[in-house]
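Before any comments, here is the structure.
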Amino acid sequence: MNELTRATRLGRVRATAYAKLNLALRVLGRRDDGFHDLEALTVSVADPHDVVEVQAVPHPGGVSLDVVGETRNVPTGSDNLVVRAAEALLVRAGRSGHGVKTTLRKKIPAGSGLGGGSADAAATLLAIQRLLEVEIDEARLLEIGASIGSDVPFCLTGGAAWMRGRGEQIESVSLPAAVPVVVVLPPFLVDTRTVFEAWDELGGPHSAREVAAPAAIADIVEVCANDLEPAAEHVEPRLARFRQDLEDAAGLSALLSGSGSAYSVVLDDEEQESRVVRKIRRALKVPVASSTTMTRGVRLGLV
Ligand code: C5P
């Protein structure tokens, strides 16, 4: 019996939920269901990350949630994607009466374009699957994930991938090991739905700002552009100035992740990292995560 099996028998599993970054994002058009078809090169990164803990309890039945940490704009009840994911999996497994206590430690801000809610949902699905030894194949798990949020299938798969459709089609790609990346969190957040609506209102713009792909991903994509950037800057005009200041401080190009507001700066080597992080912190006085790409989106471990 390995350690994780023993922990499961004790009735608790911890899952680390990694943030995602979009390094390139094209919006192909609005669909009849209101969602948008995308083509986005997406990676999992070590930091920031959330932690989901799930525990089987004899009673009460149903899913309970406790949220701690960076809780701004995070629902604490049945709207939280942790609860929605847990309930969906329990129903699918025919165990909807089961008591599951969940704890969510948030570090990925809601409204940062880092897929925090989706990462939490993916972590919950995998943690409960392990906790209750639910037999479910990967395709079904991805299907449940897609019904909860557009980024959940990617977070379940993790690593590096092209996301297509509204996010449910995942084509994994391989990256050189552990690419160093700096994640920068502006002091303002933006709502994803509002940014997509602005993209429609603006007539579906393609981003005019194209950045040469950093060396680590040059084999996968030639230029990095995010079509949601003009819409995000329309919704939150302070983003444009923030990005300019960030690029001036780093001396490198910054990429908006998803609908924003977080930016990433992909580095060529680790040696640059501490210097770049210091310069950004000093100039912008905002949270900066010194991070690296990961080969998965969720890590299961001991409590
Ligand atoms: O799927 P999720 O709940 O994360 O999406 C949040 C909102 O972002 C959706 O309600 C939708 O308005 C918008 N969206 C979209 N097209 C996508 C993903 C998200 O229009 N591919």
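FYI, side chains are in, hydrogens and waters are out, and symmetry mates aren't considered; it's all heavy atoms of this structure. For ligands, and for the atoms within them, numbers begin at 1 and follow the listed sequence.
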Quiz item: Salt-bridged, Arg209 to Glu233, with N to O below 4.0 Å?
Solution: no

Quiz item: At what distance is the nearest protein heavy atom to atom 19 (C) of ligand 1, and which residue and atom is it?
Solution: Phe196 CE1, 3.5 Å

Quiz item: Out of Gly149, Ser259, Gly258, Ala121, who gets a non-hydrogen atom closest to atom 3 (O) of ligand 1?
Solution: Gly149

Self-check item: Main-chain N/O of Gly113 paired to Ser257 side chain as donor or acceptor, under 3.5 Å
Solution: yes

Practice problem: Using a strict cut-off of less than 4.0 Å between a Lys/Arg side-chain nitrogen and an Asp/Glu carboxylate oxygen, indicate whether Arg164 and Glu39 qualify as a salt bridge. | Solution: yes

Practice problem: Name the closest protein heavy atom to atom 12 (O) of ligand 1, giving the residue it belongs to and the distance to 0.1 Å. | Solution: Arg193 CG, 3.6 Å

Practice problem: Examine Arg166 against ligand 1 and note whether any of their N/O atoms are separated by less than 3.5 Å. | Solution: yes

Quiz prompt | Gap separating the NZ atom of Lys106 from the CG atom of Asp120, nearest 0.5 angstrom | solution = 4.0 Å

Practice problem: Evaluate salt bridge (Lys or Arg N to Asp or Glu O under 4.0 Å) for Glu210 paired with Arg26, printing each intermediate quantity in order. | Solution: CA-CA 11 Å; Glu210 292 192 337; Arg26 287 291 183 203; 3.0 Å; yes

Quiz item: How close does the nearest protein non-hydrogen atom get to atom 9 (C) of ligand 1, and which residue and atom is it?
Solution: Phe35 CE2, 3.7 Å

Quiz item: Among Gly117, Ala40, Ser150, whose heavy atom sits nearest atom 1 (O) of ligand 1?
Solution: Ser150

Practice problem: Using a strict 4.0 Å cut-off to heavy atoms of Leu38, name the atoms of ligand 1 that fall inside it. | Solution: 21 (N)

Quiz prompt | Main-chain N/O of Val288 paired to Arg281 side chain as donor or acceptor, under 3.5 Å | solution = yes

Quiz item: Does Asp151 reach ligand 1, in the sense of a heavy atom lying below 4.0 Å from it?
Solution: no

Exercise. Return the residue, atom name and 0.1 Å-rounded distance of the protein heavy atom closest to atom 8 (O) of ligand 1.
Key: Thr192 CG2, 3.4 Å

Quiz item: Any sub-3.5 Å donor-acceptor pair from Arg95's side-chain atoms to Leu132's backbone N or O?
Solution: yes

Quiz item: Which ligand 1 atoms, with their elements, are less than 4.0 angstrom from a heavy-atom of Gly34?
Solution: 20 (O)

Self-check item: Closest protein heavy atom (residue, atom, distance) for atom 21 (N) of ligand 1
Solution: His36 O, 2.9 Å

Self-check item: Residues Arg31 and Asp33 bridged, charged N to O under 4.0 Å
Solution: yes

